[in-house]
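Heads up, the thing below is written out as structure tokens.
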Amino acid sequence: MSHSWNENEAIGIETSTWVRSTDVSQANYPSKKTNNKHDNEEKFDRNAIDGGNLQARIQALTDSEETSSVLFCPHMWQRYLVRFVAFTATLPAVLLLWAAYYQGRTIVSYWTGDESSYIALSRLQMLSATLFFLVEILWAVDQLLVAWQIKSYSFFGTWRPRLRLLGENNLPSVDVVICICKESEAMVYGTVLAAFDLDYPLDKLRVIVTDDGGDSAVESGLAALRSRVGNVFYTSNYDKATEKPPGVKAANLNNALQFIDSLPGGRAELIAVLDVDMIPDRAWLRATIPHFYPAGGYQEDGKEIGLVCGVQTFYNIPDNDPTNQSNSLRVKCYHPIQDQAGKGQCAGSGWVMRRKALDDLPGGQFPTTCVCEDFYTQFLLGQTNHWITAAVAEYLQCGLVPDTYQAQLKQYTRWYLSNLAVQDLHQLSGHSWISLLEKLVWKAPVTMVGLMMMHLKPHLATLQLILFPLLFLTKTPLIVTSPDRSEELIRLLRIHAGSVFFSYLHHVHVGVMAGYRASIMDWGMTKWLSPHYTVAYMKTYFPGLFNSTQSKKSSAAAFVSTGSLKDKLFERFPARRGGLSKRLNHILLECGVWMHCVAVTAILVTAWVAVKNLPEASNNTEKLLNILLWVFWPSNQAFIVLTIACFTPIKYAIWPPNVGENHDLLQKVHNGPGAPTAFLFRPREEAKRWEERSNPIWGGGLDFVTVYTIWGIWAGLVFIWAWWL
């Protein structure tokens, strides 16, 4: 991340000496003998969870008890409404499949040469219409899969309570691992200080900094800190011969596991992992650990909770979050729903795991075959048939999102390709074509269709960006019917307009939990990211087409930590922002947004041509039907939706959002007795509450939320009007 201020001075340190004697006297430090209980293995309680009975010391917080880490305390009516998100997601998809039945008959009759239904379209026109029809069907199938594989959990599930672990004695020991890779010394030190500021006994805590970058300055700084507090350690797997780390983040974590086993007292009962740009809330461990106990967690069919993760929030989100970096919809709605099925999302940072659960993973370590070790670890735990994962609906860590378009793009494409890689490894690897066909037809059809949609879904919007100009130029109607079937056209108009309107209402529905703007922005993000995903997919799965050395097997080597990416243009900082020409050159050419420019221009120009070439109409009703049939047919993937979504990165390049400097986003917090320094810096509350400064509908300029809101309401009006035809 970029920093415009003297971070070392701001957190009270000097680069050469990490702990200044002027910050706090030596008398305020716990002695090494007192703090480092791991030197005496008998005092290192490694069976607190399995052997201890702490049920009476777990407190359940009520919804009315506000805490600094609370994510969302929905009212009973909100919890009741969210139970039905699967049904409101299903209705638009069912309507699309119903319309597909009618339109499919017409298309099949054309291609089979049925003379009973004459359609005056050329083969090119019909091919374009058929592809458009197939894309609509695939979108409907994907909606059904998501509705009943994820959203349906909410119907029977129960909400996980907010818990706190009380007391100081007989608590489980914890190894807090902080992963770093070429980030600034100040950032590393700030997170280390926050780890020592946790509301947890220091004699039950060790902090291990594991370094993929081999930073000698960080190593010497931690050595100085250890001479005072004792229980902070540094380890690195950096290969000095090649000047490269030997693998991805999982390899860094595995290096920490090996290092921990070599420490006096051995491993702790729990391992907790933080990314270096994440500052943990003081209640992080006391809010997550209770869920491992029978009193706080739950067992289902003999399964126990093996991993608990708290939610991430961020203090450098721009107002209105124009590129949806907060992922609020998934955090506030979908992740709690997945948690109700024992599939709590591991967010990569801020998670706590039982070492017993880690030992059940292959080799007793984190998987290195995928750059997203968090999702893969969660997936493998579910495959053991003994462990489940839990997600705590509290903001237990606060950090930085990538502050450049390029860094966000790298992060999201890495997530997308890694999720595919995990599914491919377990669904396709080691199977013959015959066995895969058996799984598709008989053994696991839903799973295989879901995997197919994971591969296809991001490319559907990319395909439509190509199809729309072709449809408009060839004067192809967006819906194909026979000239003598006007009643079928009216029926299809009612069904499609209803599908769009009810899809819009579904977004309003999930917005009950996540907020209206977050719900709509997530929908738009899937559109403007699609061209990027398609290019990354092609380079990974078909490297020969791009003369690329990156393939499925080598894609992990392309990992670069987003925290170490440099911001050369300071896109989001008004006082230091690079010029417009430099930003356009970087974002449009280097980041690939030229694809969005070409697509938006081509669609708008050809749509204008299509409007100019509409067939003549004898009355206003027929004229309106022609406009709908050839240009503005109500669809969830309508050209107006795609173009406004794809305008998002273009708008970002021209009018980038503004973010405050770090010294404006952080505040000094004084430490208590025994802390390594007199103070540290934590995010300001107003920086974390960026949603309160955002407009739910109007984001400025050509905003996707505003246009999609108009489109959804307009589809509802068309739906009503169609019943009068």
Side-chain angles (χ1 to χ4, degrees), residues 59-75 78-79 82 159-165 176 178 190-191 194-195 197-200 272-291 296 307-319 321 324-339 344-352 374 389-402 513-515 517-518 522 659-660 662 665-667 669 680-694:
Q59 176 188 9
L61 303 181
T62 65
D63 290 348
S64 60
E65 292 182 80
E66 292 288 335
T67 65
S68 62
S69 61
V70 67
L71 165 62
F72 186 43
C73 289
H75 298 290
Q78 291 172 304
R79 296 184 181 185
V82 81
W159 287 82
R160 184 174 301 281
R162 292 187 295 135
L163 304 174
R164 289 296 181 270
L165 186 63
V176 177
I178 300 174
T191 306
D197 190 47
L198 290 170
D199 180 16
Y200 207 76
V273 175
L274 283 171
D275 285 345
V276 69
D277 58 355
M278 282 290 168
I279 300 175
D281 188 89
R282 296 193 73 246
W284 173 39
L285 295 180
R286 291 194 180 271
T288 52
I289 292 176
H291 296 275
L307 183 149
V308 181
C309 187
V311 174
Q312 300 174 356
T313 186
F314 309 95
Y315 61 89
N316 67 330
I317 296 285
D319 290 354
D321 192 12
N324 197 45
Q325 289 183 278
S326 64
N327 275 317
S328 293
L329 175 64
R330 302 175 190 279
V331 166
K332 291 186 176 182
C333 188
Y334 295 158
H335 288 181
I337 289 175
Q338 288 177 279
D339 177 66
Q345 187 76 21
C346 179
S349 176
W351 51 268
V352 185
D374 48 1
T389 55
V392 180
E394 295 189 64
Y395 284 139
L396 297 176
Q397 52 187 324
C398 187
L400 297 169
V401 295
M513 296 292 294
R517 182 172 185 82
D522 190 85
V659 175
N662 275 14
L665 303 176
L666 299 173
Q667 62 182 351
V669 177
L680 74 158
F681 276 75
R682 288 190 175 276
R684 297 181 183 274
E685 282 300 313
E686 55 268 27
K688 294 189 291 185
R689 298 180 179 274
W690 58 270
E691 291 174 302
E692 298 177 1
R693 304 190 305 271
S694 299

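Everything numeric here is computed off the predicted structure, so don't read it as measured data.
Counting heavy-atom neighbours within 6.0 Å of Arg282 CZ, excluding the residue itself, gives a total above 12.
Between Ala272 and Leu285 the shortest heavy-atom distance is CB-CD2, 4.2 Å. The minimum heavy-atom distance between Cys346 and Leu307, with the atom names listed, is CB-CD2, 4.0 Å. Considering all non-hydrogen atoms of both residues, Ala347 and Asp374 come closest at C-OD2, 3.6 Å. Gln312 and Tyr395 make their closest contact through O-CE2, 3.7 Å (heavy atoms, listed as atom of the first residue, atom of the second, distance). When all heavy atoms of Leu163 and Pro290 are compared, the pair lying nearest together is CB-CB, 3.8 Å. The minimum heavy-atom distance linking Val311 with Val392 is given by the pair CG2-O, 3.3 Å.
Between Phe314 and Leu400, the closest side-chain pair of non-hydrogen atoms is not below 4.5 Å. In this structure the side chain of Trp284 reaches within 4.5 angstrom of the side chain of Leu274, judged on heavy atoms.
Atom CG of Asn316 sits about 7.5 Å away from atom CD of Gln325, to the nearest 0.5 Å. Leu680 CG to Gln667 CD: the interatomic distance, rounded to the nearest 0.5 Å, is 10.0 Å. Separating the CD1 atom in Ile317 from the CG atom in Leu665 is a distance of 11.0 Å, to the nearest 0.5 Å. Taking OH from Tyr200 and CD1 from Ile289, the interatomic distance works out to 3.5 Å, rounded to the nearest 0.5 Å. Here Ile279 contributes atom CD1 and Ser349 contributes atom OG; the two are 11.0 Å apart, rounded to the nearest 0.5 Å. Note that OG1 of Thr389 and CG of Asp339 are 7.5 Å apart. Values are rounded to the nearest 0.5 Å.
Arg286 places a side-chain N or O within 3.5 Å of a backbone atom of Leu165 that can act as its donor or acceptor partner. Listed for the Arg164 side chain is no donor-acceptor partner under 3.5 Å among the backbone atoms of Ala287. Using a distance-only test at 3.5 Å, with no hydrogens or angles considered, no donor-acceptor pair links the side chain of Asp275 to the main chain of Asp277. In this structure a side-chain-to-backbone donor-acceptor pair under 3.5 Å is present from Gln397 to Gly310.
Listed by chain and residue number, Asp321, Ser328 satisfy the side-chain hydrogen bond (donor to acceptor under 3.5 Å, both in side chains) test with Ser326 (two or more places apart in sequence, or in another chain). Take Asp319 and apply the side chain to side chain contact (heavy atoms under 4.5 Å, CB included) test, not counting sequence neighbours, and it matches Arg693.
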Give the intermediate values and the outcome of side-chain contact (heavy atoms from CB on, under 4.5 Å) for residues Asp281 and Glu394.
-> CA-CA 10 Å; Asp281 188 89; Glu394 295 189 64; over 6 Å; no

